Amino acid sequence: MLAKIHITLKKDVLDPQGKVIANSLSDLGFDGIQSVRQGKYIEIILNGDDKNAATTKLNQMCEKLLANLVIEDYSVEID
Amino acid sequence: MLAKIHITLKKDVLDPQGKVIANSLSDLGFDGIQSVRQGKYIEIILNGDDKNAATTKLNQMCEKLLANLVIEDYSVEID
Amino acid sequence: MTWEHKTDQSLVESHGLKHDEFDSIVQGLGREPNFTELGIFSAMWNEHCSYKSSKFWLKKLPTTGDRVVQGPGENAGVIDIDDGDVAVFKMESHNHPSYIEPYQGAATGVGGILRDIFTMGARPVANLNALRFGEPNHPKTKHLLSGVVEGIGGYGNCIGIPTVGGEVNFHPSYNGNILVNAMTVGIAKKDKIFYSAAAGIGNPVVYVGSKTGRDGIHGATMASAEFDDDSEDKKPTVQVGDPFTEKLLLEACLELMKEQAIIAIQDMGAAGLTSSSIEMASKGNVGLEIDLTKVPMRASNMTAYELMLSESQERMLMVLEPGKEEMARNIFKKWDLEFEVIGKVTDTKNLVLNMHGKEEACIPINILVEDAPEYQRDYTVREPAGEYQIDPNTLNSKTIIDDLVIMLSHPNLCSRRWIWEQYDHMVMADTLVRPGSDAAVVRVHGTNKAIAISTDCSPTYCKHNSFEGGKHAVVETWRNLVASGALPIAITDCMNFGNPEKPEIMGEFVECIRGMTEACTILNYPVVSGNVSLYNETNGEGIYPTPAIGGVGLIKDISKTKTIAFKQNNSLVYAVGETKGHLGNSQYLSIVQHKELGSTPVIDLNKELKNGKFILELVNQDLALSAHDIGEGGLLVAAAEMSLSSGIGITIDCAIKSHEFFFGEDQGRYLIEIDIQNDDTLKKLSADHGVVVEYIGQTKDAVIEIKENSKISIEELKNNHEKWFPDFTK
Amino acid sequence: MKSHVIVFPGSNCDRDVAVAIERISGSAPEMIWHKNTSIAESDLIVVPGGFSYGDYLRCGAIASTSPIINEVVKKAKAGVPVIGICNGFQILIETSLLDGALIRNNSLSFICKDIYIKPENTSSIFTKNNVVAKMPIAHNEGNYFATSDTIKKINDNDQVAFRYCDANGLINEGSNPNGSIDNIAGILNDNKNVLGLMPHPERAVELGLGSDDGKYIFEGVLK
Ligand SMILES: Nc1ncnc2c1ncn2[C@@H]1O[C@H](COP(=O)(O)OP(=O)(O)O)[C@@H](O)[C@H]1O
Ligand SMILES: [Mg+2]
């Protein structure tokens, strides 16, 4: 099973990287960029085929390790 | 328009972060993990509503800046 | 007492204001404050900004001296280091934010103290950090330790200021409330120091740096509240650091400071725009009028309340000479930073805030500052713990060396290499003595002189005798500077304590201050800056009193710099100062016998002074090859550290071989290494100075040996010494 | 002797390398702001260490799109000696002047400590002093990676400049600080006039700072 996890910064949290990327893109001549936010994308390959059990487990992984819930949100999806 | 960009390491590129995450997860008692790969997820909000034009532009952004094609692949998707 | 105001009582309470405090706001204003004003009062009158519990006592600290250019009261203290150069330094706490989000909390702590330094016109040249964590097996310790160290490194490495030293302790009293104290030292020219007093009616007030977002709103209020189990809910207030922007801000500010343009400058730290604007106005005895619509905003629809209380990082407020706006704007634009004229200096002595043409606040500055509450809280002083005699039956059959290995492997005495290797401690290419010696030594760029810096405190000493503990923290930094060959000049402090409304805690505070005062006075080692962090409690349990001290000294000629590393074989090693074997509250008791017992060692400050001067005389006459103060762990631990850092062993053949002798923590002592041909000179000099010196042994091979007792190879000891942090954090 | 040091927002070893160059060659380099588009005649161009653009997105990525970079690439292709140190190495890699990639240290931690490197190629101007040199590293992303084809190419073409080794010059796993393939610490371009390396020779030009072995790298160009 391939699990896809997205970890993004919460809405009001400063994203220094996104800011710099946006500036750099417009220096490169790309216009019309309103904002850029950078997050993490994690792919996990899991044994087994019980999607429900896996989702529970993946949520726990995010809560315990992968995401920093103080400033980040996460979402889990299984292919 | 919200564009979602995924940047992942090419298959044969070493991913030290993914490896460490996999180890930490199994130290935390999560079993059945075959592999973990960490990539980037970038959200860009663009003006306008021409999806085709935007896709072209986003591909260029990836080629020129967002991805390092020596070691990374990217994919672009518009909501 | 009944609540007689229109403003909701719970709203006032949730702003951390007491009833009588609110009464005096109403009285001062002649009306009830609106919501924005309430927020401003709450930020200004909390403990963190107003020092309401500590002010009375802080005034007792000695703050003047020949070399003091600026004492407490500005963004940082300033001392004269000759040739028109000054060192600018301060230490600050970021305890609560670091507990909630260790990486960002620690990182923004570093960012904040750096701004305090470059606001004064100094280029920061060194960072240090004093850290305290709970016991290692507490479930949160590993996460907090890793996050804090990574955050400190993340910020300091990126901005390119070396992190050259610090300290770290583990103790259960910090289980629910860690301490993260960051110190920065900068170098400036004496005639190019910048201050924060606003002046010049009509002059423009300028905002520079990052945009303002909803970061850390209520951060300062949070720092003044005790934690409870719900504190996890307060998480969303944590701010994120942006060291890259800070680097730009640093360069832009220093560039503008070369021009005659800045009248006053103040960083936006705790309570952001509120405290910075009010501080500038109050110092200059003027008013300020600000149009909040002009403040660069990151989030949409921000209210006046949010703009005033946001703790977004990497921002500064300045008053400019009229007509210099465009020149200044160009500099900040060059560095891709926000620059906006947001207001002007007025003669009303009021803080007036407008937004979209509407007045959002109008508060007389003096009510906010001079009329801020000040308390002389009740305090009780605990009876210091009594003497402790070691029970010979507890000594079991272990050899002295076995005990040494146990001690040097323990988290409180093992090598901190795992920490400092994550910090760039060499960038700027002036770090002459890296972490791992007594003080860090950083050359003043382009000169032949250097500053030495050390941070210290022994909370256990402070807990069991706050007066002696306060003395000790000051003296320990002083000794570290002396052992490095530096003339100690002045200190900064970071007073971390529990809830001051409890008389016992207030007593600890008062006694520590009294001890510090006595030590600073006798050593001629004044306090030039500092910070107070109170309410470090969780569920009613206070931390140990922790007055962290950062000392700065001057090495006039870098060739006189001393490190703790033994330099050669067959040197003689002497202990300077008297060894009696005080084991109360020692590391030996705590680590080997798992006891926290007995009295804190007493420091005789006059002997301390004499011994220190003697060491400096040895340095001056090039007699000491290496030097190390004898601190926690006692004489043998100090000797072993000299071996560990050099690979050169020592054979100890003095007659007394008791645990008291090797591990006692008598004060005012040093170990020195001298060439055998200088033996007579040393003896004569010590007699002239009236200083006790005792022969300990001879440097030899790669083995630490106590004659007729036991020995260990340095390699084996090193393996034990280096193991703990890497294993723990794996 | 004319040399140039490129300065990006977030560079922080620019001053260090300028001081080192002046110390070794007697003349101070000219500092070139990244928004410039030309560099005068030069005997050495240095892309210094630090955290250009905060290392955001990817180390060196944003700096590699700066206006000055076209000029650096042009000069490099014309044979002017170019050194990229640490972040400068990362930038040169992003410009494709040098092969491979620099990824996170295998420890996932920043590492600042002294290491030893051994020249592998002894024909380039940077490596002709064939001695084991001690100098600091200070980086998060110094783990050199390249596909096996690339590794073979740079080996065959004598493009490995330095490998991490121990004090005695032994190249082994224990002396590899960050997980780099085959202990690679620095590489050269085809022409051997462009050097990228993770260690900081500019921090090793005085014994008082721990080592002066950094001179071995600069001397060939500066004298
Ligand atoms: N948090 C830290 N960051 C950087 N260096 C540290 C830290 N903690 C300790 N060190 C360094 O480790 C060495 C030993 O520290 P410590 O045991 O506190 O020394 P001492 O007892 O002599 O004051 C010192 O050089 C100190 O600067
Ligand atoms: Mg010491």
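Excluded from the calculations below are hydrogen atoms, water molecules and symmetry mates; all remaining heavy atoms, backbone and side chain alike, are included. What you see is a predicted model; the values in this text were computed from it and never measured. Each chain gets a letter, A, B and so on, in the order its sequence line appears, and its residues count up from 1.
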(Q) I need the contact set between residues 5-14 of chain B and chain A: heavy-atom distance under 4.5 Å, sorted by residue number. (A) His6(B), Thr8(B)
Q | Residue Leu65(B) versus chain A: region with a heavy atom under 4.5 Å | A | side chain
Q. Using a heavy-atom distance cut-off of less than 4.5 Å, which residues of residues 45-54 of chain A contact chain B?
A. Ile45(A), Leu46(A), Asn47(A)
**Q.** Residue, of Met61(B), Lys64(B), Gln38(B), that accumulates the most heavy atom pairs under 4.5 Å with chain A
**A.** Met61(B)
Q: Taking heavy atoms only and a threshold strictly under 4.5 Å, list by residue number the residues of residues 17-35 of chain B that touch chain A; give 'none' if the list is empty.
A: Ile21(B), Ser24(B), Leu25(B), Leu28(B), Phe30(B), Asp31(B), Gly32(B), Ile33(B), Gln34(B), Ser35(B)
(Q) Return the CD1 to NZ distance between Ile42(A) and Lys40(B), rounded to the nearest 0.5 Å. (A) 13.0 Å
Q.
Suppose a student defines contact as a heavy atom less than 4.5 Å from any heavy atom of chain A. Which residues in residues 67-79 of chain B would they list?
A. none
